[in-house]
Amino acid sequence: MATFINEPSHTFNEYLLIPGYSDSSCIPANVSLKTPLVKFKKGEESAITMNIPLVSAIMQAVSGDRLAVALATEGGVSFIYGSQSVEDEAAMVARAKSYKAGFVKSDSNVKPDDTLGDIVELTKKTGHSTIAVTEDGTQDGKLLGIVTSRDYRVSRMSPDVPVSEFMTPFDKLIWAKEGTTLKEANDIIWDHKLNSLPIISDDGKLCYMVFRKDYDSHKQNPNELLDAHKRYVVGAGINTRDYAVRVPALIDAGADVLCIDSSEGFSEWQKLTIEWIRENYGDSVKVGAGNVVDADGFHFLADCGADFIKVGIGGGSICITRETKGIGRGQATALIEVCKARDEYFKETGVYIPVCSDGGIVYDHHITLALAMGADFIMLGRYFARFDESPSNKVSINGTYYKEYWGEGSARARNWQRYDLGGDKKLSFEEGVDSYVPYAGTLKDNVALSLSKVKSTMCNCGAMSIPELQQKAKLTLVSATSIVEGGAHDVIQKDTTPTVK
């Protein structure tokens, strides 16, 4: 006979946090949101620790290279979507990894006999104002000079003028030799009031460029998440079909962490994928797995060797898995059970496996609830799809701007690998919808606002860190009536919409 769980499963909206005592030091500015991304042993630290507990979903409409850079700048990690060719995904990872690296390979280069017209076209294409002039026009050719916007005036010069006539020649450049540290390079930039510094080899070939703006950016974004080489930390999605080809390509491109993108993770397919990674890379390649909704699923993936485990089936705003297949679980209940299993596993083995809550987030305070229930970090799709940096189009509908947002199980994405059960290589029916979400502006502004709410709530609970929140949090189930009571009620609200004249 089937096993029946007669207790209803709950969503985040059915819980509230009960305030706890907070002393005078417990203010939002003092709250730390640092959290582990991958597993570690007791007494050790995680190989990757995020500065904020947010990662972006492995979706076509969410996680491209632009969003990966924007989210890493704020301290989180984006998982670039895998429902594209291996080559295209690897290229996205490479672009994000090289966007800001301290030492940057020059991707704007010309030959001395190229023209001003070529310079103008190149700046339009790349958006870069500093262009290296090398002997053969390649990024690692012999450096002959530099062209910046101060070297020419389009309105006063013929587009046929060769670069050699207006570039700043090598003998007038300030440069540094290969082997110069980033600190030394930045000191040279500041001492000589430069915007950029070429790094060249002993035989005069261009190795890297170091830019003042990267130093400034780091100072303006103290939470940015960087690897040991000062490059942004970038994640990437994989599937359980072509991992033998995709994983090596993504690792070569510089991916710091991988995640199996699957609607349901309690399967041999995930075990085989993780086993292949361990056989070929050992523990050097970090890979998350999921999704699961109970303790059995957690223990299965933990035993398989997953570096983090995702929780959630059917709770995404564009997901219709529960409607079409009748599987899933309320996100809050699933998360509570899995996190309890995670804590017991840690006590028994001394290995802590971070848990990612994936789905069910409607309001900002749901992030805090998920963290209080035990999640180490939250994966968000709809939330990030609204921003400038997501890959989808911005469209105007009746004068209001929206961003396109579609599920990986929709006919538009046709990501059959995510829902693969070993049958035909096709999407037999949809498990996601094609939709719009209200356009919300830049990632930076919105993430800052959301996390300010999270920090404020943590202070209400007397917690200065995520582990402390999980230790001190008191949560209560609420009735349908009290949910209504929690919003504005029994008043006539003023219309705050500005009148357009």
Side-chain angles (χ1 to χ4, degrees), residues 37-39 47-48 55-60 62-63 77-86 89-90 92-93 234-251 253 255-294 296-314 316 319 321 327 334 338 342 353-359 376-379 381 407-409 413 415-422 425 427 431-432:
L37 178 61
V38 296
K39 69 181 178 184
I48 304 174
V55 300
S56 67
I58 312 168
M59 300 177 68
Q60 294 174 10
V62 178
S63 298
V77 173
S78 183
F79 285 88
I80 290 175
Y81 68 92
S83 52
Q84 57 180 321
S85 72
V86 172
E89 186 182 8
M92 277 193 175
V93 170
V234 179
I238 61 173
N239 62 65
T240 58
R241 282 277 185 154
D242 65 5
Y243 51 83
V245 177
R246 192 172 294 268
V247 170
L250 295 175
I251 296 305
D256 298 278
V257 57
L258 306 176
C259 184
I260 301 173
D261 182 26
S262 175
S263 65
E264 202 275 302
F266 199 172
S267 75
E268 187 177 7
W269 303 110
Q270 298 227 352
K271 179 181 180 182
L272 294 172
T273 303
I274 297 171
E275 284 180 348
W276 185 91
I277 291 173
R278 296 292 175 246
E279 288 171 4
N280 289 273
Y281 294 95
D283 292 328
S284 64
V285 170
K286 307 302 181 184
V287 56
N291 289 15
V292 296
V293 293
D294 63 5
D296 290 340
F298 171 85
H299 283 292
F300 172 77
L301 291 178
D303 292 341
C304 287
D307 285 294
F308 66 84
I309 293 172
K310 287 203 297 157
V311 176
I313 294 176
C319 184
T321 294
I327 64 168
V338 170
R342 183 267 321 277
I353 304 176
V355 167
C356 170
S357 179
D358 178 17
D376 295 280
F377 54 96
I378 320 298
M379 178 170 277
E408 289 297 294
N415 182 8
W416 65 268
Q417 293 96 333
R418 187 176 199 276
Y419 303 90
D420 181 34
L421 294 174
K425 297 180 180 181
L427 193 68
E431 293 190 45

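Just so it is clear, the values below take in all heavy atoms, side chains as well, and ignore hydrogens, waters and symmetry mates.
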| task | Could I get the full list of side chain to side chain contact (heavy atoms under 4.5 Å, CB included) partners for A47, not counting sequence neighbours? | result | V38, K286
| request: Look at the side chain of D261 and the backbone N and O of I238, then say whether any donor-acceptor pair between them is shorter than 3.5 Å. | output: no
| query | Just wondering, do I378 and V55 contact through their side chains at under 4.5 Å, heavy atoms? | reply | no
| note | Between L301 and G265 the two heavy atoms that sit nearest each other are CD2-O, 3.4 Å
| query | Between L37 and V77, is any pair of side-chain heavy atoms under 4.5 Å apart? | reply | yes
| message | What's the separation between atom OH in Y81 and atom CD in Q60, rounded to the nearest 0.5 Å? | response | 6.0 Å
| said: I want to check something: taking the side chain as every heavy atom from C-beta on, are E264 and N291 in contact at a cut-off of under 4.5 Å? | reply: no
| Are the side chains of W269 and I260 in touch, meaning some heavy atoms are under 4.5 Å apart? | no
| request: For Q270 and T240, indicate whether the former's side chain and the latter's backbone hold a donor-acceptor pair under 3.5 Å. | output: no
| R246 side chain to G82 main-chain N or O, any donor-acceptor pair under 3.5 Å? | yes
| Hey, is the main chain of G237 close enough, under 3.5 Å, to the side chain of E89 for a donor-acceptor pair? | yes
| message | Measuring from atom NE2 of H299 to atom SG of C304, what distance do you get when rounded to the nearest 0.5 angstrom? | response | 13.0 Å
| message | Tell me the closest heavy-atom pair linking M379 and F79, and the distance in Å. | response | CE-CD1, 3.9 Å
| Partner residues of A334 under the side chain to side chain contact (heavy atoms under 4.5 Å, CB included) criterion, sequence neighbours left out | V293, V311, R329
| message | Holding to salt bridge (Lys or Arg N to Asp or Glu O under 4.0 Å), I want the full list of residues that pass it with D296, two or more places apart in sequence or in another chain. | response | none
| note | Sorted by chain and residue number, the side chain to side chain contact (heavy atoms under 4.5 Å, CB included) partners of A302 (sequence neighbours excluded) come out as F298, I309, Y345, I353
| said: Taking side chain to side chain contact (heavy atoms under 4.5 Å, CB included) as the definition, give me every residue that meets it alongside S63, ordered by chain and number, with sequence neighbours left out. | reply: S56, L67, S78
| query | Quick one: does V247's side chain get under 4.5 Å of W276's, heavy atoms only? | reply | yes
| field | Heavy-atom pair with the smallest gap, counting every atom of A249 and A90 | value | O-CB, 3.9 Å
| query | Any salt bridge between D303 and K271, counting N to O under 4.0 Å? | reply | no
| Which class fits the ring pair F377 and F308: parallel under 30°, tilted 30 to 60°, perpendicular over 60°? | perpendicular
| field | Residue pair L258 / L250, side-chain heavy-atom distance below 4.5 Å | value | yes
| said: Test: salt bridge (Lys or Arg N to Asp or Glu O under 4.0 Å). Region: residues 272-285. Which pairs qualify, not counting sequence neighbours? | reply: R278-D283, R278-D307
| message | Check whether D294 reaches the backbone of G297 with its side chain - one donor and one acceptor, N or O, closer than 3.5 Å. | response | yes
| Rounded to the nearest 0.5 Å, how far does NZ of K310 lie from SG of C356? | 6.0 Å
